[in-house]
Amino acid sequence: MNLSQHLIIAPILIPLVTGALLLLIDERQRTAKALVGLGSTLLLFVVALGLFRFAASIDGPDAAQQGVYLLGNWAAPFGIVLVVDRLSALMLMLSSTLAIAALIFALARWHTAGAHFHSLYQFLLMGLNGAFLTGDLFNLFVFFEVMLAASYGLLLHGSGLLRVKAGLHYIAVNLAAALLFLIGVSLIYGVTGTLNMADLAVRVSTVGPEQRMLLEAGAGILGVAFLIKAGMWPLNFWLPPAYTAASAPVAGIFAIMSKVGIYVVLRLSLLVFGHDSSPSSGFGLHVLLIGGLATIAFGAIGVLASQALGRLAGFSVLVSSGTLLTAIGMGNVGITTGALFYLASSTLTISAFFMLIELVERGQDAGASVLAVTMEAYGDADPDEEEQEGDLGFAMPGTMAVLGICFAACGILLAGLPPLSGFVAKFAMLSAMLNPIGGDTTAAVPGFVWFVVFLVILSGLSALIAMTRSGIRTFWASMEGTEPRVLVIEVAPVFLLIAATLYLTVQAGPVMRFMDDTTRALSAPQQYIEAVFNARRAGVPGTEVQP
Amino acid sequence: MEFILSLGIGVMTGSGVWLILRPRTYQVIIGLSLLSYAVNLFIFGVGGLKVNAPAILQEGVDISAYTDPVPQALVLTAIVIGFATTALFLVVLLAARGLTGTDHVDGREQP
């Protein structure tokens with residue numbers, strides 16, 4: 001165990017210590033708080049990058065042991081372990097990228113809207129990173145609760161009637177989900193006698209037939225808790241109002257929270273129910289598939305029906321979740337590879353979109369209020385003045401042009417049109433669906449797969465229609481709107497996230513190879529299991545020479 | 001003993017589920033509390049029921065004389081976390097009551 005191995009726990013420790021330190025700094029010293037928070041987030045990004053490079057270099061059974069960190073120096077399965085593999089590293093990278101973007105956005109003005117924004121933000125990051133890194137079911141529960149407790153505070157940040165009302169529903173639903181989580185975990189513990197994920201994967205195939213029903217019931221209940229988080233229909237009615245009500249930077253970081261549910265479902269379903277030999281192999285995949293399809297349909301209809309941009313983004317989260325669940329539910333290596341690419345692309349897009357919406361709507365609100373004042377002062381606006389304003393409206397102001405370009409980019413990404421990464425992701429998934437790896441290439445594609453392809457494309461079309469409609473209404477038709485006062489620091493994060501999707505597009509080859517390696521590692525859980533069990537304890541000479 | 005425990009879990013779960021489906025915020029929070037008690041008892045139960053058995057291992061005593069310590073540790077954690085989140089929910093509940101002027105979960109009375 002060398003120093004660089006302690007890097008694995010850094011994504012949990014850095015935000016924890018920073019969040020606690022920030023509590024000690026007086027609320028009035030905003031600059032100090034902002035700098036400390038930003039410094040921690042940047043450091044987190046560097047650590048995530050280091051872990052990402054490390055995970056990408058993992059190859060062969062021996063090297064993988066280095067990705068396991070024994071907390072408390074107890075050998076698995078007795079102690080709690082942290083495990084970094086390609087999937088965790090990918091999620092860490094995503095969360096730290098979003099964290100930087102959303103925090104910079106918040107520094108413009110949102111972080112002053114209420115108390116303890118920075119501390120809550122750091123604790124949210126701690127919960128997220130912990131959930132991605134842990135290799136223990138109960139520890140996962142604890143990190144989930146840390147993340148949720150911080151998210152309750154952040155959702156209410158800025159206060160107001162709308163947020164409190166949405167927050168009340170959000171908290172009630174998530175508290176109930178936490179109880180389901182506990183029931184599921186304890187049922188699984190009761191049957192298998194372990195909470196360690198790797199140990200669980202080994203013991204699942206040895207469970208007798210009379211206990212198997214209990215185990216599957218436990219896994220099912222646990223799955224419901226994650227699917228509530230991921231937003232699968234019909235467990236997702238809380239999601240659009242909550243995400244819409246949240247302040248823009250908070251919604252920006254919430255974009256990854258629904259992906260935590262997806263991450264856990266993907267990890268556990270492949271690790272625990274991925275063996276071909278086990279009788280429970282492929283447990284629950286059809287539920288994910290059907291639920292995912294229903295979620296896509298629900299999300300697509302919601303996107304079309306949304307009047308406000310915020311709701312449109314909220315339903316886009318559902319479309320994204322639904323597509324991912326469907327892809328996981330199809331249980332094919334090639335489709336999962338495409339789904340991972342889609343996960344990265346859609347998370348970045350939705351986060352950028354949430355922040356962009358606030359900037360765009362600021363212009364509309366200002367325009368509407370100015371117009372209202374004019375009407376009050378002058379009575380009915382006289383026709384000459386109206387004409388003059390109409391003339392002005394044709395010249396698109398600089399800010400609106402920048403926002404318009406970002407908006408168009410988000411629209412293209414959400415709809416999955418070329419040339420951006422949304423297209424690459426959907427193309428990878430759809431082509432894998434039509435030519436499944438390991439399947440008979442000459443056989444006709446089953447009608448069911450055509451239905452999935454149809455629905456995924458239809459959801460893209462509905463996003464395109466909705467985005468075009470609101471784009472026209474916002475950027476071309478709002479002649480009376482004044483130019484919104486937007487700071488560079490607010491547009492920069494949106495640019496940063498869109499640039500990240502551009503990077504995904506340009507580097508699609510290497511990224512896709514990484515995703516392919518990730519899926520291969522996930523679908524061969526033996527390596528993960530061996531890595532956890534063979535992890536060397538520190539300071540114990542006898543175990544150092546273990547093969 | 002098994003009967004009493006399962007009856008306790010069942011009654012609390014039943015009442016809890018009924019209460020969280022009620023329209024008043026206070027009923028919802030009591031329902032959530034009852035549910036969390038039921039879940040805590042349930043976790044405690046999965047370790048197997050034993051009376052007067054120690055949880056800490058000692059040299060030379062048969063392993064079957066012990067009770068499983070893991071569910072006890074889990075219950076402790078679950079209680080603490082449940083406490084914290086319930087307290088937080090209570091604050092939001094009061095804020096909602098203050099802002100909307102009603103204790104209906106939707107923030108407005110049904111017509």
- Which one, B:Leu74, B:Val91, B:Val105, leads in non-hydrogen pairs under 4.5 Å with chain A?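 Sorted descending by pairs with chain A, the first entry is B:Leu74.
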
- Flag the one option from B:Val70, B:Val28, B:Ile20 with the top tally of heavy-atom pairs under 4.5 Å to chain A. B:Val70

- ring-ring contact (aromatic ring centres under 6.0 Å, His included) partners of A:Phe138, counting only residues at least two apart: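 Counting only residues at least two positions away or on another chain, A:Phe138 forms a ring-ring contact (aromatic ring centres under 6.0 Å, His included) with A:Phe141.
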
- Query: For B:Leu88, is it the side chain, the backbone, both, or neither that has a heavy atom closer than 4.5 Å to a heavy atom of chain A?
  - Reply: side chain

- Could you look at B:Leu35 and say if it's the side chain, the backbone, both or neither that has a heavy atom under 4.5 Å from chain A? both

Go through chain B and chain A and list any donor-acceptor pairs closer than 3.5 Å, backbone and side chains both.
| from | atom 1 | to | atom 2 | distance (Å) |
| --- | --- | --- | --- | --- |
| B:Asp68 | OD1 | A:Tyr189 | OH | 3.1 |
| B:Asp68 | OD2 | A:Tyr189 | OH | 2.5 |
| B:Val105 | O | A:His169 | NE2 | 2.8 |
| B:Asp106 | OD1 | A:His169 | NE2 | 3.4 |

Checking heavy atoms, do the side chain of [X], its backbone, both or neither come under 4.5 Å from chain B?
| X | value |
| --- | --- |
| A:Leu180 | neither |
| A:Val146 | neither |
| A:Ile183 | both |

- Task: Please name the residue in the list A:Leu187, A:Leu179, A:Leu182 that meets the side-chain contact (heavy atoms from CB on, under 4.5 Å) test with B:Phe42.
- Result: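 Option passing the side-chain contact (heavy atoms from CB on, under 4.5 Å) with B:Phe42: A:Leu187.
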
- Query: Would you say B:Ile4 has more than 12 foreign heavy atoms packed within less than 6.0 Å of its CD1?
  - Reply: no

- Message: Counting only heavy atoms not in A:Phe237 (residues, nucleotides, ligands), do more than 12 fall under 6.0 Å from its CZ?
- Response: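 Above 12, so yes.
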
